[in-house]
There are 2 protein chains.
Amino acid sequence: MSIRHGLLALLERGPRYGSQLRTEFESRTGSTWPLNVGQVYTTLSRLERDGMVAQGGEDGAGHTLYTITDDGRAELRAWFEKPVDRTSPARDELAIKLAMAVGAPNVDIRDVIQSQRRHTVKAMQDYTRLKAQALLAVESGGARERDDVAWLLVLEQLIFQTEAEARWLDHCESRLIRLSATARSAPDAPDAQSEPDAPAAGAPAPAPAPVARAGARTDRP
Amino acid sequence: MSIRHGLLALLERGPRYGSQLRTEFESRTGSTWPLNVGQVYTTLSRLERDGMVAQGGEDGAGHTLYTITDDGRAELRAWFEKPVDRTSPARDELAIKLAMAVGAPNVDIRDVIQSQRRHTVKAMQDYTRLKAQALLAVESGGARERDDVAWLLVLEQLIFQTEAEARWLDHCESRLIRLSATARSAPDAPDAQSEPDAPAAGAPAPAPAPVARAGARTDRP
DNA sequence: CCGCGACGATATACCCGGTATACATACTGA
DNA sequence: TCAGTATGTATACCGGGTATATCGTCGCGG
């Protein structure tokens, strides 16, 4: 339901036609999420079906314009006011993969973690490069200032998420080592050593683990 | 493509029938991602169509069993070996929302950020509670040890992600304040103060911002 | 004994997002 | 003038997410 509302938000600034919406959507997100044109039209027709949007006239060049309706505006406000639900989060393929790799035959979960970390760190570097560009764009403040700020925020979201993923991978590795050690030493009588380095329950201030430094692995020494 | 492979992974341990797969999938992820039964059957029939899985006989109770094929095993290995692609990440509704809220009329982006933070912090607390339970389960090491470990890892992924989201929200707030200040003071001549607190380019060691401490806001003083 | 609801198991229909592709129009340059 | 390219619109298909329909079995109370 995010494209739907994204288009509504763009339409609130005035009537637009299909591929114009695509362009504006992408300039907000800096082509981080390339939006297929087809989605715009299908989404627009659904919005029209639901009374959020009405097909207006044409502009000078003959493009059929879409206009937001009052229902659409109400829906948009509700969207902005209600937080995104994080109590039933989206499935994460990587998490599923590791969950399935735990104790799976013929799979060394360490290999999975390490190759994933290489990839994640590489993505992190790409984002960091992009962020440097975005900062330049924002600071040189052209007419597209608003779009540039939005792009910067989106990029930083990706950076924070990716960085968390890298730290989680590190954490998985050390946790698995710890668990297999205690499992071997005391299979049925676990000692109650609780939580050396995890985000502690109740006060989860994250350990500032160094990540992606100079493109190397992120293993702890 | 993650349910597909998740089911394949479960089937590698031996033939299973439909709702048994559902149960096992959920016990791995601790009902974090409740899997609708329907998806299992549709996914199984697609897997069968693609030759990854074959319908075996029945078990004692008359359940039709599915068995992984060699093609399925190959696909599964490839899945484990190839890292999850993070260079074209999934759309994040929250990021889109903030991108659209930047400079939108009639929307105070600060309100959006703050109400979202309340929600995110609350989700964080729920996860933290669940993690405590999961740790108990793992340490008391029953027969479901493998499932419990998998659930713990999944939970910790959610915690790391949620914590990153909270920090990103804090970051957005301070960045927007900073930007609006420089924009007002020098609309066309931005001073080149670069990056007080963001994960710095090249060496993105995150600032250890206190988050969700005692359930309060996460604003910096 | 019979009906009835609870539950386990299977199957199907619908919506939305993601991708690719068809198609039409207009602009441009050899 | 015609080919090629860019722009704009529309449609088909797939997979994931959700809800619902359909059975059969079991247990339980009337």
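For the numbers below, each heavy atom of this structure counts, side chains included, while hydrogens, waters and symmetry mates do not.
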Using a 4.0 Å heavy-atom cut-off across all strands, classify A:Ser2 as base, sugar-phosphate, or nothing.
sugar-phosphate

Determine whether the side chains of A:Gln114 and A:Glu173 contain a donor N or O and an acceptor N or O closer than 3.5 Å.
yes

Rounded to whole Å, the NE2-P distance (A:His63 to D:dA6) equals 17 Å

Which nucleotide in the list C:dG18, D:dT9, D:dG17 gets nearest to the side chain of A:Ile3?
C:dG18

If I take atom CG in residue A:Asn36 and atom P in nucleotide D:dA12, what distance separates them, rounded to the nearest angstrom?
16 Å

Does a side chain donor of either B:Thr87 or B:Asp85 reach within less than 3.5 Å of an acceptor in the other side chain?
yes

Spacing between A:Tyr41 atom OH and D:dT9 atom P, to the nearest angstrom
3 Å

Go through the steps for B:Glu24 and B:Arg13 under the test salt bridge (Lys or Arg N to Asp or Glu O under 4.0 Å), then give the verdict.
CA-CA 11 Å; B:Glu24 294 190 10; B:Arg13 303 185 70 83; over 6 Å; no

Which nucleotide sits closest to the side chain of B:Gln39: C:dT10, D:dT18, C:dT12?
D:dT18

Nearest-Å distance for atom pair CG/P, residues A:Asp85 and D:dG17
15 Å

Options C:dA9, C:dG18, D:dG17, nucleotide nearest the side-chain atoms of A:Arg91:
D:dG17

How many whole angstroms separate atom CZ of B:Arg4 from atom P of D:dG17?
14 Å

By nearest atom, which of the nucleotides C:dA11, C:dC16, D:dG17 is closest to the B:Tyr66 side chain?
C:dA11

Nearest-nucleotide pick for B:Tyr17, side chain only, options being D:dT9, D:dG16, C:dA9
C:dA9

Checking A:Glu163 against B:Arg167 for the salt bridge (Lys or Arg N to Asp or Glu O under 4.0 Å) test, could you report, in this order, the C-alpha distance in whole Å, the side-chain angles of both residues, the deciding distance, and whether it holds?
CA-CA 12 Å; A:Glu163 190 264 334; B:Arg167 283 202 295 121; 3.2 Å; yes

Nucleotide D:dT18, atom P - distance to CG of B:Leu35 in whole Å:
10 Å

Could you state the CZ-P distance from B:Arg46 to C:dT10, rounded to the nearest angstrom?
17 Å

To the nearest Å, give me how far apart CZ (A:Arg22) and C1' (C:dG18) are.
14 Å

Give one of base, sugar-phosphate or nothing for B:Thr42, where a contact means two heavy atoms less than 4.0 Å apart.
base

Mind checking A:Val37 for me? I need base, sugar-phosphate or nothing, with any heavy atom below 4.0 Å counting as a touch.
base

Heavy-atom count around B:Arg110 CZ within 6.0 Å, excluding the residue itself: above 12?
no

